[in-house]
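Scope of the values below: all heavy atoms of this structure, side chains included, with no hydrogens, waters or symmetry mates. Atoms within each ligand, like the ligands themselves, are counted from 1 in listed order.
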Amino acid sequence: MENKNKRETFSTGLAVFFATLGSAVGLGNIWKFPYLLGSNGGGAFLLAYLLCVALVGIPIMACEFYIGRKSRKNAVGAFKELKAAKGFKTIGFMGVGSSVLIAFFYSCVAGWVYSYVFRALKGDFVGVTAATAKTKFMTTVVGPFPPLVWQFIILAVVSVILIAGVKNGIERITKTLMPVLFILIIICDIRALTLPGASQGLKFLFHVDFTQLTGPVILAALGLAFFKLSLGMGTMITYGSYFTQDNNMISTSIKVALADSLISILAGIAIFPAVFSFGMQPSQGAGLLFMTIPLVFSQIPFGSVLLVAFFLLTAIAATTAIMSVIQVPVAYLEEEKGIGKKKAVLLTTGIIMLVGILATLSADSSSVLGNIHIIGKRGFFDSFDYLSSNILLPIGGLITAIYIGYFVKKDDFKLELSNGGTLNNYAVLNVVHVFIKYVSPILLVIVFLNSIGVIPSLLKLLHL
Ligand code: TRP
């Protein structure tokens with residue numbers, strides 16, 4: 001395909017892989033995955049999650065890459081460029097909505113991570129015990145002022161990076177630091193596995209209790225798959241628009257999904273043995289990571305240095321991931337509304353800071369706004385998360401699958417994803433197409449209907 005807009009592209013396949021991974025790997029892996037798994041029945045949730053990644057996540061990622069590389073445009077402009085029916089542009093608009101919703105609570109949690117770097121540096125966690133780990137987390141979260149200041153700091157850092165346009169530099173940093181994060185998590189794993197009673201944590205993580213597979217648990221797993229792989233709101237469309245013509249986008253999707261899942265599982269192996277060994281509850285919610293990691297690193301040589309390094313790298317991963325979230329509204333304001341970059345960034349982060357206050361002040365039930373319920377029993381923080389991850393991202397994914405499955409000619413799809421036939425992967429593409437046309441959309445609809453209680457019996461069928 002001719003490159004109409006003379007867009008820059010990533011230089012190599014490896015650059016594509018790491019850039020995409022830089023968006024995918026973030027708090028979703030290190031903070032959200034363990035906490036949701038802990039609150040949703042352990043191994044059963046892991047199984048549901050992996051099935052969602054394989055049956056829905058990978059095919060939808062390939063669709064987003066297709067739309068991006070074929071159009072070489074941002075999420076809103078892409079559907080226009082591909083002459084899709086007008087309605088499909090809603091994905092772009094929904095993407096802008098989901099991205100700010102995500103940023104409201106993501107910036108709050110990223111702020112906690114920044115504050116943990118600072119506290120670890122000060123030696124705040126020396127001699128920490130299970131009981132004090134909890135109090136320390138509470139002082140970070142309940143605030144009200146410190147968490148707001150940290151949220152402001154992270155948004156300021158992101159604004160400066162986006163305005164200065166040093167994104168490429170940042171990507172280079174990610175490429176070197178991602179392996180370091182990986183090694184640190186492995187060190188964490190080794191330590192966690194040598195704790196007394198570690199096997200109980202592994203059993204919790206890997207043993208599947210099928211009675212736990214309820215509708216809401218599966219919906220949470222589905223939402224997490226979208227969240228972790230940065231799907232359903234156009235982020236991967238934008239990344240695809242920078243891919244080289246010779247990138248094998250199916251294998252990139254699979255590799256990113258595998259690497260992302262591996263990092264999550266390794267984070268789980270670091271956390272759950274510690275949870276059981278120190279007599280904590282796996283279902284304690286959003287604080288799980290923050291309460292266990294200081295314990296994992298206590299009492300080992302260089303523990304305090306490793307603790308600083310762990311939270312520092314998590315902070316960097318969170319920063320690069322949130323940049324890819326904020327980039328969606330920023331690109332929309334710049335490219336579709338003609339607003340200058342600086343203004344677009346400041347407007348977006350300004351709104352995120354203002355509304356994000358609601359998330360930060362409702363993160364725990366003892367927070368200032370902790371008792372206000374928005375969706376069901378959820379406060380602001382959880383409602384922003386639920387609405388974006390569990391509702392909007394899967395709907396974005398559904399619309400994407402319907403577009404590719406029913407509105408794009410199968411031959412066009414195969415031509416683009418085989419790089420004009422050079423990859424000789426038609427057999428694989430036929431299978432992927434069946435997934436996109438039937439498996440992923442049907443599963444998405446079933447999970448929705450089931451979770452709102454319409455067809456619980458259908459889910460039983462799926463268990464077989
Ligand atoms: N995937 C990132 C994480 O796991 C978060 C993220 C970045 C995201 N870009 C996204 C989530 C786009 C949904 C959509 O932390």
Side-chain angles (χ1 to χ4, degrees), residues 18-37 49 52-53 56-57 60-61 63-65 68 74-75 91-113 154 158 162 167 170-171 174 178 181 185 220-240 253 256-257 259-268 286 289 313-332 348 352 384-397 399-400:
F18 274 110
T20 318
L21 212 56
S23 160
V25 174
L27 294 175
N29 306 62
I30 298 164
W31 162 71
K32 203 174 187 205
F33 171 84
Y35 123 60
L36 285 184
L37 189 132
Y49 168 75
C52 290
V53 168
V56 184
I60 298 220
M61 195 186 291
C63 290
E64 292 205 15
F65 287 162
N74 70 72
I91 295 191
F93 292 120
M94 264 176 40
V96 174
S98 339
S99 87
V100 283
L101 281 171
I102 289 174
F104 293 154
F105 70 90
Y106 208 101
S107 56
C108 162
V109 181
W112 300 346
V113 177
I154 147 104
V158 169
L162 288 177
K167 199 161 164 271
I170 293 292
E171 263 154 25
T174 325
M178 191 87 72
L181 176 64
I185 297 179
L222 181 75
L224 181 66
F226 275 89
F227 184 87
K228 261 163 44 54
L229 297 176
S230 308
L231 296 175
M233 59 174 234
T235 297
M236 290 305 177
I237 295 182
T238 316
Y239 276 71
S253 310
V256 169
D260 184 79
S261 300
L262 179 67
I263 295 180
S264 309
I265 292 173
L266 290 175
L289 167 79
L313 286 157
T314 304
I316 294 169
T319 307
T320 55
I322 199 179
M323 275 165 47
S324 81
V325 176
I326 293 181
Q327 190 60 45
V328 174
V330 168
Y332 167 73
T348 309
I352 293 168
F384 292 148
D385 184 1
Y386 181 79
L387 190 60
S388 53
S389 309
N390 292 18
I391 311 289
L392 292 178
L393 298 180
I395 290 180
I399 300 175
T400 308

K.L.:
Using modelled atom types only, decide if a donor and an acceptor are shared between the side chain of Asn29 and the backbone of Gly26 within a distance under 3.5 Å.
P.N.:
yes
K.L.:
Answer yes or no: does an N/O atom from Leu229 fall short of 3.5 Å to an N/O atom of ligand 1?
P.N.:
no
K.L.:
Please write down residue, atom name and distance for the protein heavy atom closest to atom 6 (C) of ligand 1.
P.N.:
Ser230 OG, 3.5 Å
K.L.:
Under 3.5 Å, N or O to N or O, is Ile102 touching ligand 1 that way?
P.N.:
no
K.L.:
Looking at every heavy atom in both Gly397 and Ile60, which two are closest together, and how far apart are they?
P.N.:
O-CD1, 3.3 Å
K.L.:
What atoms in ligand 1 come closer than 4.0 Å to a heavy atom of Val325?
P.N.:
6 (C), 7 (C), 8 (C), 9 (N), 10 (C)
K.L.:
Looking only at the aromatic ring of each residue, does the gap between the centers of Phe384 and Phe105 stay below 6.0 angstrom?
P.N.:
no
K.L.:
Which heavy-atom pair separates Tyr49 from Ala225 by the least distance, and what is that distance?
P.N.:
CE1-CA, 3.5 Å
K.L.:
Nearest heavy atom to atom 15 (O) of ligand 1 wins, so pick from Trp31, Phe227, Tyr106.
P.N.:
Tyr106
K.L.:
Do Tyr35 and Leu289 pass the side chain to side chain contact (heavy atoms under 4.5 Å, CB included) test, and can you show the C-alpha distance, the side-chain angles, and the key distance before you say yes or no?
P.N.:
CA-CA 7 Å; Tyr35 123 60; Leu289 167 79; over 6 Å; no
K.L.:
Looking only at N/O atoms, are Leu393 and ligand 1 under 3.5 Å apart anywhere?
P.N.:
no
K.L.:
Checking side chain to side chain contact (heavy atoms under 4.5 Å, CB included) between Met233 and each of Leu101, Val325, Leu392, Val96, which is the one that passes?
P.N.:
Val325
K.L.:
Under 3.5 Å, is there a donor-acceptor pair linking the side chains of Thr235 and Ser230?
P.N.:
no
K.L.:
Taking 4.0 angstrom as the limit and counting only heavy atoms of Gly28, give me the atoms of ligand 1 inside it, by number and element.
P.N.:
3 (C), 4 (O), 15 (O)
K.L.:
Is Val25 close to ligand 1, meaning an N/O of one under 3.5 Å from an N/O of the other?
P.N.:
no
K.L.:
Mind checking whether Phe227 and Tyr106 have parallel, tilted or perpendicular rings, split at 30° and 60°?
P.N.:
tilted
K.L.:
At a 4.0 Å threshold, what atoms of ligand 1 neighbour a non-hydrogen atom of Asn29?
P.N.:
4 (O)
K.L.:
Which of the atoms in ligand 1, numbered in the order shown and given with their element, are less than 4.0 Å from a heavy-atom of Gly26?
P.N.:
3 (C), 4 (O), 15 (O)
K.L.:
Would you mind running through ligand 1 and noting each atom that sits below 4.0 Å from a heavy atom of Ser324?
P.N.:
7 (C), 9 (N)
K.L.:
Give me the nearest non-hydrogen protein atom to atom 2 (C) of ligand 1 as residue plus atom name, then the distance to 0.1 Å.
P.N.:
Ser23 O, 3.2 Å
K.L.:
Would Thr235 count as being in polar contact with ligand 1, using the rule that some N or O on each side must be under 3.5 angstrom apart?
P.N.:
no
K.L.:
Provide, to 0.1 Å, the distance between atom 3 (C) of ligand 1 and the closest protein heavy atom, together with that atom's residue and name.
P.N.:
Ala24 O, 3.3 Å
K.L.:
If every non-hydrogen atom of Ser389 is compared with every non-hydrogen atom of Lys32, which pair is closest and at what distance?
P.N.:
OG-NZ, 3.0 Å
